[in-house]
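Throughout, protein chains are lettered first and strands after them, A, B, ... in sequence-line order, and every chain is numbered starting at 1. Since we're looking at a predicted model, the values are computed, not measured.
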Amino acid sequence: MDMRVSLSGWTLDNPVIPASGTYGFGYEFAQFYDINILGSIALKGTTKDARYGNPLPRIAECREGLINAIGLQNPGVEKVISEELPRLRTVFKKKSIANVSGFSVEDYVYTASQFDQQEDIGILEINISCPNVHGGGMAFGQKPEAAAEVCAAVKKACRKPVYMKLSPNVTSITEIAKACEEAGADGIVLINTLLGMRIEPRTGKPIVSTGAAGFSGPAVKPIAVRMVYQVYETVKCPIIGVGGIATADDVIEMMSAGATAVEVGAANLVDPYACKNIIEELPVKMEAYGIERLSDIIGRAHV
Amino acid sequence: MYKKNIYEVKSNRRIAEDVYRMVLAGDTSYLTEPGQFVNIQLSGLYLRRPISVCDWDGETITIIYKVVGTGTAMMAAMTGGEKLDLLTGLGNGFDTDFTRLLPGQGILKKEDGTYSWPDGRSVKAAVIGGGVGVPPLYALAKKLKKEGAEVVAVLGFNEEKQIFGYKDFADLGIPVCIATLDGSVGVKGFVTDALKNIDFDFYFTCGPEPMLRAVHRLGKERGVEGLLSFEARMGCGFGACMGCSCETIAGTKRICVDGPVMKSGEVIL
Ligand SMILES: Cc1cc2nc3c(=O)[nH]c(=O)nc-3n(C[C@H](O)[C@H](O)[C@H](O)COP(=O)(O)OP(=O)(O)OC[C@H]3O[C@@H](n4cnc5c(N)ncnc54)[C@H](O)[C@@H]3O)c2cc1C
Ligand SMILES: Cc1cc2nc3c(=O)[nH]c(=O)nc-3n(C[C@H](O)[C@H](O)[C@H](O)COP(=O)(O)O)c2cc1C
Ligand code: FES
């Protein structure tokens, strides 16, 4: 059985990639299992300068998911490259995916260019969809022109494949995806978190410090599958499907909708073995469904 | 190192108003220090529930928890025999090495593992707990005692029916001082009121943040250092999500992996 998939000429052993922000810089999970079984790893969202992020509380539970208001806490690109990547290198021998965020086009270009020079980075994932920061993040992902501008600028400055990570908090996901592809995107990643809110019944106040924050987990999977399905019909570049994936069946569903690979987010937090279990379960499900080559099922939901 | 494993509920008894003591049987090899916690999966709830380890031996883990919401209510309804999925070995617990905790003061570590001042006096340690912050202090007090410290326990509660743990600490041969807000038992007021006439070289504390703040202030006034254990709403409990990060003098720290226990000289309260 063949689980390999290919993203812009880079062959992954399997399509399972932990999603940005839910896997740290990888090494925390190496305490649980050998993380080299993963297809790749999408690293924690990185910005030009170090960020503390939002005040606590940052986490609220909801049915089949959670709301997070992390706010892109990270040590800044310089430290990620000098401290986090070397530490990851000691336990992970494959290339990873850099997740880049910013507050201006120049920020994105600066941070992406730094990662572009790193040998063990396979793809530049440009996050124009973080709902937890002001004056940046999602603001770039909500207008086709702004998304295209970031994409074109990063593309011009970097050699590695550029994948645009899109926000589901838009009126037309296909328009944004198309604008990115036309601006030179090598791939599309979707979805980032939806904007949600939880209110504590006792106090009547929002639980997380920012009020509204990023909602994800199994509860959002149908939205993610629908968006991947729609974008698949609009663009030719590969799609990485994200949103609510927790089982091998979820992977197969997302790939059938049109994803070449998938990212697993919230599931890592509640079960540190989630990605391992999915990777081990995939061949069993492929056998059961008569799938010989996993890449054959990409987009098979479309007639 | 962390570990995910299945544990069986051996017993689950009510010990005070809304407070339960649960004993879980299973692998305890990943627990190394008092003050560490487990993260418990409960069926139908998305996130795990973090609870401090009160005590452990080769086969069992004891936790004490208060019913405050859906998850803890589900736990309280358990009668024994249930299987629970836990992450264990989480967090940095309480360090008890006084040569590190009181550096440059000539603390001696003897061959039998006990500590003392250069003149042979025992180190006086206060363990200060509030409400369900009391449980992790039990295994700690036991260890401190074994390592030669002169331990005093100061436990704070709102009112009499919420008190638990008194006998456990007393059975270790430790003087226990209770403070209640309504004055129904012991000193009327906060743990800091009970601490007025107690002298100590170092403190260890766990409880609600206002209490931690008050103890921290008292320590500062007296020029005494301590270790404080914090809580936060957690996404993962093992360092992956940054859901629990707080700012400290020594930079940003994740309460789940860099804490929950932090040094008084580092925290910003
Ligand atoms: C390191 C650590 C150690 C703890 N040790 C103990 C202990 O020994 N005994 C004890 O009774 N309690 C302890 N707590 C608090 C305990 O985790 C919460 O009371 C519990 O999660 C509440 O769950 P619930 O489903 O009953 O409440 P709900 O309010 O229904 O929970 C909803 C969500 O909020 C979270 N949450 C609610 N209150 C808290 C809180 N105070 N701290 C963190 N998360 C919270 C829950 O985990 C869950 O994700 C500890 C917390 C931390 C972080
Ligand atoms: C705690 C947390 C932190 C996240 N941080 C980032 C981030 O830094 N950059 C990013 O592009 N997406 C971030 N995300 C979004 C995820 O990568 C993913 O797109 C989203 O959660 C949907 O997947 P899921 O339903 O599997 O969680 C974060 C999600 C969570 C839950
Ligand atoms: S709870 Fe996830 S990093 Fe601390």
Side-chain angles (χ1 to χ4, degrees), chain A residues 18-19 21-33 44-45 50-75 79 132 198 200-202 207-209 213 216-219 246 265-274 276-277, chain B residues 1-6 30 32 38-50 68-72 74 84-91 209 230-260 267-269:
Chain A
T22 64
Y23 213 76
F25 288 93
Y27 46 79
E28 306 289 357
F29 285 80
Q31 301 210 30
F32 291 107
Y33 61 93
K44 174 64 193 162
R51 283 180 56 82
Y52 164 65
N54 292 317
L56 299 185
R58 296 179 174 180
I59 301 282
E61 185 186 52
C62 45
R63 287 192 194 108
E64 287 299 302
L66 78 153
I67 285 169
N68 90 79
I70 310 300
L72 292 175
Q73 180 188 333
N74 78 94
K79 271 217 170 122
N132 290 324
R198 282 278 338 266
E200 158 71 41
R202 218 183 309 264
I207 296 176
V208 300
S209 66
S216 75
N268 295 309
L269 308 182
V270 291
D271 181 0
Y273 292 92
K276 180 175 193 281
N277 292 342
Chain B
M1 284 287 275
Y2 326 128
K3 179 95 175 167
K4 176 175 174 292
N5 242 322
I6 305 297
Y30 283 72
T32 54
V38 297
N39 216 355
I40 308 178
Q41 189 161 60
L42 295 164
S43 84
L45 300 183
Y46 194 66
L47 296 176
R48 291 171 182 267
R49 280 5 187 207
V68 297
T70 327
T72 43
M74 282 171 69
L84 291 177
D85 179 326
L86 264 66
L87 301 180
T88 74
L90 302 176
E209 203 159 309
F230 287 81
E231 276 186 13
R233 285 178 182 256
M234 292 184 173
C236 64
F238 52 86
C241 74
M242 316 290 154
C244 64
S245 299
C246 65
E247 282 182 288
T248 74
I249 287 161
T252 306
K253 301 222 166 172
R254 290 159 298 178
I255 288 174
C256 67
V257 286
D258 304 314
V267 302
I268 301 171
L269 267 168

Using a 4.5 Å cut-off on heavy atoms from C-beta on, say whether the side chain of B/F238 contacts that of A/P272.
yes

Residue A/N74 versus chain B: region with a heavy atom under 4.5 Å
neither

Supply the atom-to-atom distance A/L56 CG to B/E231 CD, rounded to the nearest 0.5 angstrom.
12.0 Å

What part of A/R63 lies closer than 4.5 angstrom to a heavy atom of chain B: side chain, backbone, both or neither?
neither

Is the shortest heavy-atom distance from the side chain of B/R233 to the side chain of A/I207 under 4.5 Å?
yes

Among the options A/A219, A/P18, A/P218, A/P75, pick out the one with the most heavy-atom pairs lying under 4.5 Å from chain B.
A/P218

Can you find a pair of side-chain heavy atoms, one from A/Y273 and one from B/K4, that are under 4.5 Å apart?
yes

Does A/F25 have any ring-ring contact (aromatic ring centres under 6.0 Å, His included) partners at least two apart in sequence or in another chain, and if so, which?
none

Could you list the donor-acceptor pairs under 3.5 angstrom formed by side chains in residues 239-246 of chain B, with sequence neighbours left out?
from   : atom 1 : to    : atom 2 : distance (Å)
B/S245 : OG     : A/Q73 : OE1    : 2.6
B/S245 : OG     : A/Q73 : NE2    : 3.2

Is any side-chain heavy atom of B/K3 closer than 4.5 Å to a side-chain heavy atom of A/Q31?
no

With chain B as the partner, which of A/Y27, A/Y23, A/F32, A/F29 has the greatest number of non-hydrogen pairs under 4.5 Å?
A/F32

Charged N to carboxylate O under 4.0 angstrom, A/E61 versus B/R48?
no

Interatomic distance, CG@B/L87 vs CG@A/D271, rounded to 0.5 Å, equals 8.0 Å

Winner by heavy-atom pair count (cut-off under 4.5 Å) against chain B, out of A/C62, A/A60, A/G26, A/A266:
A/A266

